[in-house]
Amino acid sequence: MDASLSEKDTLFAHSEAVGAFQFDRSVAAVFPDMIRRSVPGYQTMLTGSGELAARYHQPGSRLYDLGCSLGAVALTLRRHLPEDCGCEIIAVDNSAAMLERAREYVDAYRSPIPITLRCEDVRETPIEGASVVVMNFTLQFVPPEDRLPLLARIHAGLRPGGVLILSEKIHFDDPVAQEAVEHLHLQFKRANGYSELEISQKRAALENVLVTDTLQTHLDRLAQAGFRHATPWFQAYNFISLVAFR
Ligand code: GEK
């Protein structure tokens, strides 16, 4: 997904009353630019997810992209699978605006591996016969009390040998560590052209919408959900990706 083809993210550039962040049409229009300028390591996490899918997909199984936005993960997974794998990719998001644009990206490429787009809540979407499930920066938007039941459902929907790839923004219990790493993220956003006003207004909009956990909370929850092995495989500042094995 080429960020240079999307509109520039200036959603928080002007001083005005900021409501809670929503994945609406205005966000969908600038999303590739927004995520590239806000999430350090995003492209590496996508590529690594593709490499993990290349290794752990099972012929004739399903691969899921939960909280797919414009379908960047689904398209990356597909590029990494052998064309004759007999797999299906299911990409789920509960934002109709996001899925409308995802449809355009998916239709722009031809492949024998189908990508099915579903406008559903990830807390309810059925997960069956999966070899790979990717949740890239989506669990952080799910209410904390719903996170363990969702992970347990993913675990139950994975075939033995299947994997969950979970990418999240995290925080640190140690205030010194939190301040140091948060500073690096702020510098990343400043270097990518976001103003102090944009940074502070977006932070206000995401308050109580994007709720982070610590790495330890993620590892404990994955174990509770039934994943016998889990490890971080990538970290860029306060953004991390884990792989968990069924
Ligand atoms: C990427 N994975 O480009 N059910 C379904 N979708 C949801 C839910 C829910 N309960 N809550 C949030 N979403 C993408 C990036 S963005 C991350 C994912 C971000 C959707 C929401 O509509 C949005 O499209 C996505 O999760 C989160 O790798 O914006 O930081």
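Atoms within a ligand are numbered from 1 in the order they appear, just like the ligands themselves.
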Give the residue and atom name of whichever protein heavy atom lies nearest to [atom], and the separation in Å to one decimal.
atom: atom 18 (C) of ligand 1; value: Ser69 OG, 3.2 Å
atom: atom 4 (N) of ligand 1; value: Val122 N, 2.9 Å
atom: atom 22 (O) of ligand 1; value: Asp93 OD1, 2.6 Å
atom: atom 10 (N) of ligand 1; value: Asp121 OD1, 3.0 Å
atom: atom 11 (N) of ligand 1; value: Phe141 CB, 4.0 Å
atom: atom 29 (O) of ligand 1; value: Phe23 CE2, 3.2 Å
atom: atom 13 (N) of ligand 1; value: Asn94 OD1, 3.6 Å
atom: atom 1 (C) of ligand 1; value: Tyr42 OH, 3.3 Å

Would Leu215 end up clustered with Trp233 when hydrophobic side chains under 4.5 Å apart are linked, directly or stepwise?
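No; tracing contacts between hydrophobic side chains, which count when under 4.5 Å, never links both residues.
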If every non-hydrogen atom of Ile113 is compared with every non-hydrogen atom of Cys87, which pair is closest and at what distance?
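Scanning both residues, the minimum pair turns out to be CG2-O, 3.5 Å.
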Shortest non-hydrogen contact from Asp93 to Cys68?
OD2-N, 3.3 Å
Donor-acceptor contact below 3.5 Å, side chain Arg228 vs main chain Arg246:
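Judged by distance alone, no pair lies under 3.5 Å.
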May I ask you to decide whether Lys189 forms a salt bridge with Glu198, counting only side-chain N to carboxylate O separations under 4.0 Å?
no
Tell me whether Glu51 is salt-bridged to Arg79, with the criterion being a basic N under 4.0 Å from an acidic carboxylate O.
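Salt bridge between Glu51 and Arg79, a charged N being under 4.0 Å from a carboxylate O: no.
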Could you go step by step and tell me if Thr214 and His171 meet the side-chain contact (heavy atoms from CB on, under 4.5 Å) rule?
CA-CA 5 Å; Thr214 63; His171 69 263; 3.5 Å; yes
Within ligand 1, which atoms have a heavy atom of [X] less than 4.0 Å away?
X: Phe31; result: 3 (O), 15 (C), 16 (S), 29 (O)
X: Phe137; result: 16 (S), 17 (C), 18 (C), 27 (C)
X: Met98; result: 24 (O)
X: Thr138; result: 26 (O)
X: Asn136; result: 2 (N), 14 (C), 15 (C), 18 (C), 28 (O)

Could you tell me whether Val73 approaches ligand 1 through its side chain, its backbone, both or neither, with non-hydrogen atoms closer than 4.0 Å?
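The part of Val73 near ligand 1 is the side chain, not the backbone.
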Part of Glu120 within contact of ligand 1 (heavy atoms, under 4.0 Å)
backbone
N/O donor-acceptor pairs under 3.5 Å from side chains in residues 136-157, not counting sequence neighbours:
residue	atom	partner	partner atom	Å
Asn136	OD1	Ser167	OG	2.6
Thr138	OG1	Leu66	O	3.0
Thr138	OG1	Gly67	O	3.4
Thr138	OG1	Asn136	O	3.4
Gln140	OE1	Lys169	N	2.9
Asp146	OD2	Arg123	NH1	2.7
Arg147	NE	Leu139	O	3.1
Arg147	NE	Val142	O	2.7
Arg147	NH1	Val211	O	3.0
Arg147	NH1	Asp213	OD2	2.9
Arg147	NH2	Leu139	O	3.4
Arg147	NH2	Gln140	O	3.0
Arg147	NH2	Val142	O	2.9
Arg147	NH2	Val211	O	2.9
Arg153	NH1	Thr125	O	2.9
Arg153	NH2	Val122	O	2.9
Arg153	NH2	Arg123	O	3.2
Arg153	NH2	Thr125	O	3.1
His155	NE2	Gly226	O	2.9

Could a heavy atom of Val92 be found less than 4.0 Å from some atom of ligand 1?
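Val92 does not count as a contact of ligand 1 under the 4.0 Å cut-off.
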If the contact criterion is a heavy-atom separation under 4.0 Å, does Gln140 count as touching ligand 1?
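The answer is yes, since Gln140 has a heavy atom less than 4.0 Å from ligand 1.
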Are any of the N/O atoms on [X], whether in the backbone or the side chain, positioned under 3.5 angstrom from an N/O atom of ligand 1?
X: Ser95; value: no
X: Gly67; value: yes
X: Val142; value: no
X: Asp65; value: no

Would you say the side chain of Gln187 lies within less than 4.5 Å of the side chain of Glu182, judging by non-hydrogen atoms?
no
Determine whether Phe227 and Phe245 make a side-chain contact, defined as any pair of heavy atoms from C-beta on separated by less than 4.5 Å.
no
So does Arg25 have more than 12 non-hydrogen atoms from other groups sitting under 6.0 Å from CZ?
no
Does a sphere of radius 6.0 Å around CD in Gln22 hold more than 12 heavy atoms from other residues, nucleotides or ligands, not counting ones at 6.0 Å or beyond?
no
Got a second to check how far Gln178's CD is from Asn238's CG, nearest 0.5 Å?
7.0 Å
